[in-house]
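Written out below as structure tokens is the structure these notes cover.
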Amino acid sequence: MIPQHTIECAVRGYLLYLLGCTIFSDKTGTHVSVEYLQYLQDLKKVKDHAWGAATLAHLYRQLGIASRAKCKQISGYLTLLQAWVYEYFPLLRPVQDDRVTQGFPRAALWKNSRNLPGLQKNNVIVIRELLDSLTREQVDYEPYSNTRDSFPLQEYAFFNGCLVANRVYEPYTPERMLRQLGHLQTIPKGPTRPDGKTRRPRVASSYRVTYGGSVTYMEQWEDHLLGPRSRGPRTRSSWDIVPEYITWLGRVSHIFVQNPENRRFGLTTRSSHVDRSSEDDWRVVIAEYLQPLVQRRYKSGVLQGYMQNVINYCQDSTPLPTLTPPSTSIKERHNKRGIGHPSQH
């Protein structure tokens, strides 16, 4: 008969393996830190740990590392990230598996396919432009609303602070995603600032972010709960926002994902996001539309046509058409190829 102690050691080893290949996976794919063994000592209490919060903290940290210019890979629980994308962006979903019924994991709903419908080999440029051209109706901000009867939204979803996973502290700010929680999206407060020890170099191995605080401080989560007043009113449409939100977003963030120099299919503005009763939102749309015209060389006749589009938009809200790349002269084409002007030969 196998001793109980031996069985428990084998169980801890297997659980550590699961943690290393899912929640806390790294780029090696074969290593996991033994520091997680401390949470497996009492097997009866393993289920009581906040593994979901630890998963998010680790994934947020890996996303930060992957944003470095010289970082070529990303680690973390990528199945969670991939399933999240499928849930919120129907345009990027693969084919659904009809064999999956209620009770199965949500990630099992999507067939494992490397090619999305209409895309060739998941071309990253195509996907970025699809994201840039999304309208609010093409984003499902509340994909789990039809399951709230069985899985109600818990109060701890409104915790506003740092998620902790050992030495990893990462901000969790529900006021920046109120639409996902069924509330009107307002302009959030400033982000949580790291302390002076933070380092975000171009080399991912030296990436260090410190937010301070202690585990004891973070355990007092009731003091960091987003109150009813801060949550704002409930909404009927999950894409509802305050009129000033788009203007604020254009000031603090990047409206478009794709680099304009790599744009293949023109620029589609987000006029459908705009509250046309707000003069500031009109200005944001027009600025987004005119910016590529300043950066690229268009013929005067083409520019006049685009200016007329802007006038029509201001007069009767006619949607702004997609910008097409400017035509390149023979001289410019030769110069780009390093050939020089034909007259030089």
Side-chain angles (χ1 to χ4, degrees), residues 50 52-57 59-60 63 80-93 106-107 109 131-132 134-164 169-193 211 218-255 257 270-282 284-285:
T55 301
L56 287 179
L59 182 59
Y60 292 166
L63 288 172
L80 174 63
L81 180 61
Q82 185 177 22
W84 182 90
V85 171
Y86 293 161
E87 295 283 359
Y88 284 87
F89 300 98
L91 190 65
L92 300 178
R93 291 174 180 172
R106 295 281 297 204
L109 184 62
L131 293 175
D132 284 347
L134 283 176
T135 64
R136 64 186 185 183
E137 293 83 2
Q138 292 176 311
V139 180
D140 189 354
Y141 291 100
E142 294 186 272
Y144 312 110
S145 58
N146 58 349
T147 62
R148 290 305 182 201
D149 292 339
S150 302
F151 303 97
L153 185 66
Q154 300 296 328
E155 188 71 1
Y156 53 71
F158 292 95
F159 169 76
N160 189 36
C162 281
L163 302 176
V164 182
Y169 286 68
E170 288 295 327
Y172 177 83
T173 53
E175 62 179 349
R176 292 176 174 265
M177 54 178 188
L178 289 174
R179 282 177 290 185
Q180 300 180 35
L181 302 174
H183 290 261
L184 177 69
Q185 183 62 58
T186 57
I187 298 177
K189 299 178 182 178
T192 303
R193 301 289 183 182
Y211 288 95
M218 294 303 168
E219 283 178 347
Q220 300 170 355
W221 72 275
E222 295 90 348
D223 298 332
H224 302 276
L225 196 65
L226 200 66
R229 180 176 299 181
S230 300
R231 299 176 192 180
R234 300 281 299 183
T235 57
R236 294 182 179 179
S237 299
S238 60
W239 54 72
D240 286 345
I241 56 177
V242 295
E244 304 84 8
Y245 180 78
I246 292 295
T247 303
W248 169 84
L249 184 64
R251 186 173 64 252
V252 303
S253 183
H254 298 283
I255 297 297
V257 179
R270 298 184 179 184
S271 57
S272 59
H273 285 273
V274 175
D275 179 2
R276 299 186 184 278
S277 63
S278 172
E279 182 180 354
D280 289 338
D281 287 340
W282 281 61
V284 171
V285 172

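Only a predicted model underlies this, so the values are computations on that prediction, with no experimental measurement involved.
Here the straight-line distance linking atom CG of N146 with atom CZ of F151 works out to 11.0 Å at 0.5 Å rounding. Residue T55 holds its OG1 atom at 12.5 Å from CG of L81, rounded to the nearest 0.5 Å. Between the OH atom of Y88 and the OG atom of S238 there is a distance of 9.5 Å, given to the nearest 0.5 Å. Distance OG/S237 to CZ/R179: 12.0 Å, rounded to 0.5 Å. How far CG of N160 is from OG1 of T173: 6.5 Å, rounded to the nearest 0.5 Å. Taking CG from L134 and CG from L92, the interatomic distance works out to 7.0 Å, rounded to the nearest 0.5 Å.
Checked by atom type and distance alone, the side chain of R176 pairs as donor or acceptor with a backbone atom of K189 at under 3.5 Å. The backbone N or O of Y144 lies less than 3.5 Å from a partner atom in the side chain of T147, making a donor-acceptor pair. In this structure, Y172 contributes its side chain and A157 its backbone to a donor-acceptor pair below 3.5 Å. Formation of a donor-acceptor pair under 3.5 Å by the Q185 side chain with backbone atoms of E175 is found in this model.
E170 pairs by the salt bridge (charged side-chain N to carboxylate O under 4.0 Å, His left out) definition with R61, not counting sequence neighbours.
Taking both residues in full, the closest heavy atoms of I187 and V242 are given as N-CG2, 4.2 Å, listed atom of the first, atom of the second, then distance. Shown here for L225 and F159, the closest heavy-atom pair between the two residues is CD1-N, 3.7 Å. Taking all atoms of both residues into account, the shortest heavy-atom contact from E87 to R106 is OE1-NH2, 2.8 Å. Closest non-hydrogen pair, H183 versus L181, comes out as CD2-O, 3.2 Å. In this structure, L178 and S230 approach most closely via the heavy-atom pair CD1-O, 4.2 Å. Smallest separation of non-hydrogen atoms from A107 and A83: CB-CB, 4.1 Å.
For the pair P171 and Y60, the minimum side-chain heavy-atom distance is 4.5 Å or more. For the pair F89 and W84, the minimum side-chain heavy-atom distance is below 4.5 Å.
Applying the salt bridge (charged side-chain N to carboxylate O under 4.0 Å, His left out) test to pairs two or more places apart or on separate chains, those with a residue in residues 228-243 are E155-R231.
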